[in-house]
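Data block below; observations after.
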There are 4 protein chains.
Amino acid sequence: MRVQQPRALERYQRILDAALRVFSRRGYHDSSVDEIAGKARTSKGGIYFHFPNKEAIFLALLDRATARLLAKIDEAMASQTDPIARAEAALLAVLRVFAKHRALARLFMVEALGAGREFHSRMADIRSQFAAIIQRQMEEAIRQGIIQPIDTEVASHAWFGALNEVITSWVFSGRPERLEDAYAALKPLLMQSVGLNHRSDRPVPER
Amino acid sequence: MRVQQPRALERYQRILDAALRVFSRRGYHDSSVDEIAGKARTSKGGIYFHFPNKEAIFLALLDRATARLLAKIDEAMASQTDPIARAEAALLAVLRVFAKHRALARLFMVEALGAGREFHSRMADIRSQFAAIIQRQMEEAIRQGIIQPIDTEVASHAWFGALNEVITSWVFSGRPERLEDAYAALKPLLMQSVGLNHRSDRPVPER
Amino acid sequence: MRVQQPRALERYQRILDAALRVFSRRGYHDSSVDEIAGKARTSKGGIYFHFPNKEAIFLALLDRATARLLAKIDEAMASQTDPIARAEAALLAVLRVFAKHRALARLFMVEALGAGREFHSRMADIRSQFAAIIQRQMEEAIRQGIIQPIDTEVASHAWFGALNEVITSWVFSGRPERLEDAYAALKPLLMQSVGLNHRSDRPVPER
Amino acid sequence: MRVQQPRALERYQRILDAALRVFSRRGYHDSSVDEIAGKARTSKGGIYFHFPNKEAIFLALLDRATARLLAKIDEAMASQTDPIARAEAALLAVLRVFAKHRALARLFMVEALGAGREFHSRMADIRSQFAAIIQRQMEEAIRQGIIQPIDTEVASHAWFGALNEVITSWVFSGRPERLEDAYAALKPLLMQSVGLNHRSDRPVPER
DNA sequence: GATGAATGAGACTTCATTCAT
DNA sequence: CATGAATGAAGTCTCATTCAT
């Protein structure tokens with residue numbers, strides 16, 4: 001539905017805001033369009049003017065959140081030049097956004113997976129986008145001789161997975177208190193995994 | 001629920017087998033008790049004789065699958081003595097079971113997460129159990145001086161997360177063709193991440 | 001839905017009875033499944049156990065009514081041997097059934113037409129069946145030399161149409177008081193239209 | 001509703017044109033005001049400026065179509081003097097209009113009936129108007145001694161019904177290819193039904 | 001014990017109608 | 001005048017759960 005009036009645009013955003021709250025609280029299936037409408041201070045019909053169906057709300061939400069997350073990542077990376085520092089900045093940016101918006105974390109880490117078949121390909125896309133960002137930095141690091149050649153596809157997925165798991169268990173358990181603290185413990189593992197000495201951020205010499 | 005007679009026991013298992021097929025194909029919410037009944041060659045009433053509700057089927061299935069997986073892990077670890085080798089054996093055992101039963105992988109990696117609030121605490125438990133197995137081996141390795149002291153809680157979660165991600169992306173994309181191949185690429189990363197030279201499986205000397 | 005228990009069969013019929021009442025009173029679109037359920041002393045779910053959707057209820061009703069009407073026609077025709085008398089008997093049988101069950105008349109004459117695209121081919125079938133009965137008798141009459149050769153396809157449709165119109169205007173206006181009276185006035189027209197002198201039921205000699 | 005300005009009048013007609021297309025394609029209930037608005041190159045609000053509700057659009061359309069049809073009939077009858085020839089001219093005029101505008105035929109023959117209770121009395125009126133035209137000619141023919149006295153009310157309805165049926169089955173089946181061909185076969189039946197020899201258009205002498 | 005049948009709450013979705021700009 | 005936007009009632013259908021045989 002192409003929206004033309006500014007009032008409508010605002011309501012469109014309000015619906016997505018409400019959807020984020022509801023979906024992340026109840027999960028996709030247990031969320032009702034009625035509740036989203038209520039929280040968005042609009043009516044069921046108002047929702048269906050902007051979205052063709054419930055699935056589309058979820059996808060739009062996912063897309064908006066992904067775009068915002070990627071923007072934050074770009075911004076964070078821009079302030080670094082060293083590829084490893086850039087990769088780190090990306091990870092930290094993700095962590096910070098999720099730490100600030102736990103609902104968003106739940107959306108990406110939990111609900112998006114189990115919401116149904118229809119979302120899997122979209123989620124696979126999103127996961128790929130994030131992994132690819134890390135992968136690109138790893139390849140640049142290899143090119144610059146900062147790290148030894150490795151299988152960057154697997155490595156980037158492993159980094160991404162490690163981060164995911166930390167976030168997910170935080171979503172479920174609430175530990176650590178400050179999600180960002182987790183990064184301090186995770187960082188040396190990630191660095192060493194690609195052959196970097198985490199103290200010097202310099203390669204570990206092979207024996 | 002209380003099952004004693006052999007006929008009943010057999011039907012109970014048949015229901016779980018059917019449930020695994022249906023849940024992993026359609027996801028929790030889109031699976032109907034009717035379809036499970038059909039695939040288990042019984043009736044809706046028959047299901048409700050054995051289980052109080054749909055949720056209980058899913059939980060019983062999760063429990064059975066977890067127990068079987070843990071048994072496989074125990075068995076695999078029993079043939080190793082070196083703690084790092086034991087940890088590796090555990091990871092490989094998980095990978096092999098999932099590689100053989102993709103439905104099971106989907107159940108654990110995808111459906112269990114998004115099935116709804118009710119399952120989250122149970123899933124958190126299960127994740128902890130797996131991470132704890134790895135954590136114990138890491139601690140033993142530290143005790144034996146094989147690796148330097150590290151934050152084993154974070155490290156074990158990171159290992160688990162990396163493995164998860166590899167499995168999940170395999171579930172979604174079907175790549176790599178043989179899931180076990182992924183381990184070959186993953187292993188050096190994991191080893192190095194805890195400060196082991198993957199070629200010698202010996203510690204990387206700090207500079 | 002295959003029904004096995006006698007209780008279910010009875011309810012199936014009760015649903016159709018209720019559907020006839022509701023559809024003929026409100027029309028297809030303005031009838032709600034809820035109201036049919038209420039009138040059938042069952043629940044919405046009960047209806048959907050027996051029928052896959054609202055359309056199927058309507059079609060089943062149409063089929064049952066058609067079968068009953070055709071049976072009445074067969075019965076009425078069986079008591080006559082002369083083809084013209086048999087055709088007349090068929091028309092009168094239709095008239096009598098509709099006169100007795102005005103709801104049925106409304107169903108066939110009004111609701112079935114406007115219920116929607118999906119019903120058109122079924123209705124065309126039904127119309128053909130009725131016209132074909134008359135057509136067969138006309139052809140037999142020609143074969144026996146009772147009437148002159150005519151285009152029996154058009155003639156049977158014309159007879160059927162004339163009858164329809166009389167019934168339809170009765171459905172709408174309630175005139176004549178007794179629908180069967182209409183036949184007395186219609187009969188001579190029909191007879192003459194195929195070249196029979198209505199007084200003698202013998203052919204009108206061409207000049 | 002009150003339309004005076006030329007721009008408004010033109011839009012009013014455009015809405016009716018669009019409504020005819022939409023209603024005859026989808027039926028009354030499955031037509032949405034939105035689609036009519038789209039096809040009329042206006043907006044929902046634009047429609048509701050001209051019509052108080054959807055029903056009013058349909059009725060206005062019915063009225064406009066009826067008026068045009070009656071005008072065609074008048075025109076056709078004007079060129080004849082013999083009452084039987086005039087009746088025939090009327091029937092042929094109807095047939096020709098419908099043959100040319102199948103959408104119109106569908107509107108009158110199918111949608112108008114099943115559109116709902118609200119339209120029944122209006123449709124009864126319209127049917128009466130058509131039947132009355134034929135009835136008047138029949139009475140004139142009787143007065144002039146061209147045909148024997150008959151029940152003109154029933155006879156006119158029978159003629160009208162026969163014509164209806166031919167048109168309806170053409171709407172549904174598309175046969176005959178040219179609707180006008182149907183009249184050739186129908187004419188002798190109608191003539192004979194009122195006691196006219198179709199070859200000479202002269203009365204059939206009673207024996 | 002087991003099965004087919006029934007229930008009923010609740011979900012999504014549509015759309016005629018109204019309203020604000 | 002016209003449009004896009006919003007409303008809200010109502011409808012069909014699903015399905016976990018319960019019940020009667």
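Just so we're on the same page: letters track the sequence lines, and every chain starts at 1. Computed from heavy atoms alone, side chains included, the values below leave out hydrogens, waters and symmetry copies.
The salt bridge (charged side-chain N to carboxylate O under 4.0 Å, His left out) search around A:E10 returns A:R14, not counting sequence neighbours. Partners of C:R122 under the salt bridge (charged side-chain N to carboxylate O under 4.0 Å, His left out) rule, at least two apart in sequence or in another chain, are C:D63. Here B:K54 pairs with nothing under the salt bridge (charged side-chain N to carboxylate O under 4.0 Å, His left out) rule; sequence neighbours left out. The salt bridge (charged side-chain N to carboxylate O under 4.0 Å, His left out) test applied to A:R26 returns A:E35, not counting sequence neighbours. Not counting sequence neighbours, B:Y48 has no partner by the ring-ring contact (aromatic ring centres under 6.0 Å, His included) test.
OP1 or OP2 of F:dA6 lies within a sub-4.0 Å distance of a side-chain N or O belonging to A:H50. Considering only side-chain N and O atoms, D:R11 lies under 4.0 angstrom from the phosphate OP1 or OP2 of F:dT3. Under 4.0 angstrom from either OP1 or OP2 of F:dA2 there lies no side-chain N or O belonging to D:T42. OP1 or OP2 of F:dT17 lies within a sub-4.0 Å distance of a side-chain N or O belonging to B:Y48. Under 4.0 angstrom from either OP1 or OP2 of E:dG10 there lies no side-chain N or O belonging to A:S32.
Spacing between atom CD1 of C:I36 and atom P of E:dT7 amounts to 15 Å, rounded to whole angstrom units. Atoms CD (A:E10) and C1' (F:dA5) sit 13 Å apart, rounded to a whole Å. Here F:dG11 presents its P atom at 17 Å from CG of C:N53, a figure rounded to the nearest Å. Atom-to-atom, CZ of A:R14 to C1' of F:dA5 comes out at 12 Å; the value is rounded to the nearest Å. The distance from atom CD1 of A:I57 to atom C1' of E:dT13 is 11 Å, rounded to the nearest whole Å. In this structure, A:L9 places its CG atom 13 Å from C1' of F:dA5, rounding to the nearest Å. Here E:dA16 presents its P atom at 10 Å from CG of D:D30, a figure rounded to the nearest Å. Rounded to an integer number of Å, the gap from A:F51 CZ to E:dC12 P is 15 Å.
The side chain of C:F49 lies closest to E:dA6, out of F:dG11, F:dA6, E:dA6.
Below the 3.5 angstrom threshold, one finds a donor paired with an acceptor across the side chain of A:K44 and the base of E:dT13.
Aromatic ring pairs are classed by plane angle as parallel below 30°, tilted from 30° to 60° and perpendicular above 60°; the pair B:F98 and B:F108 is tilted. Between B:F58 and B:F23, the ring-plane angle classifies as perpendicular under the 30° and 60° cut-offs. Ring geometry for A:Y12 against A:H50 counts as perpendicular: the plane angle is over 60°, on a 0 to 90° scale with 30° as the lower cut.
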- Message: Wobble G-U and Watson-Crick pairs count when both distances are under 3.5 Å; given that, what is the 5' to 3' dot-bracket string of DNA chain F, with | for pairing to other strands?
- Response: .||||||||||||||||||||
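Comparing A:K54 and B:S43 by the nucleotide of DNA chain E whose heavy atom lies nearest to each, the residue mapping closer to the 5' end is B:S43. Nearer the 5' end of DNA chain E, as judged by each residue's closest nucleotide, is the contact made by C:R41, out of C:R41 and A:G45. Nearest-nucleotide mapping onto DNA chain F: of C:H29 and B:S31, the residue sitting toward the 5' end is C:H29.
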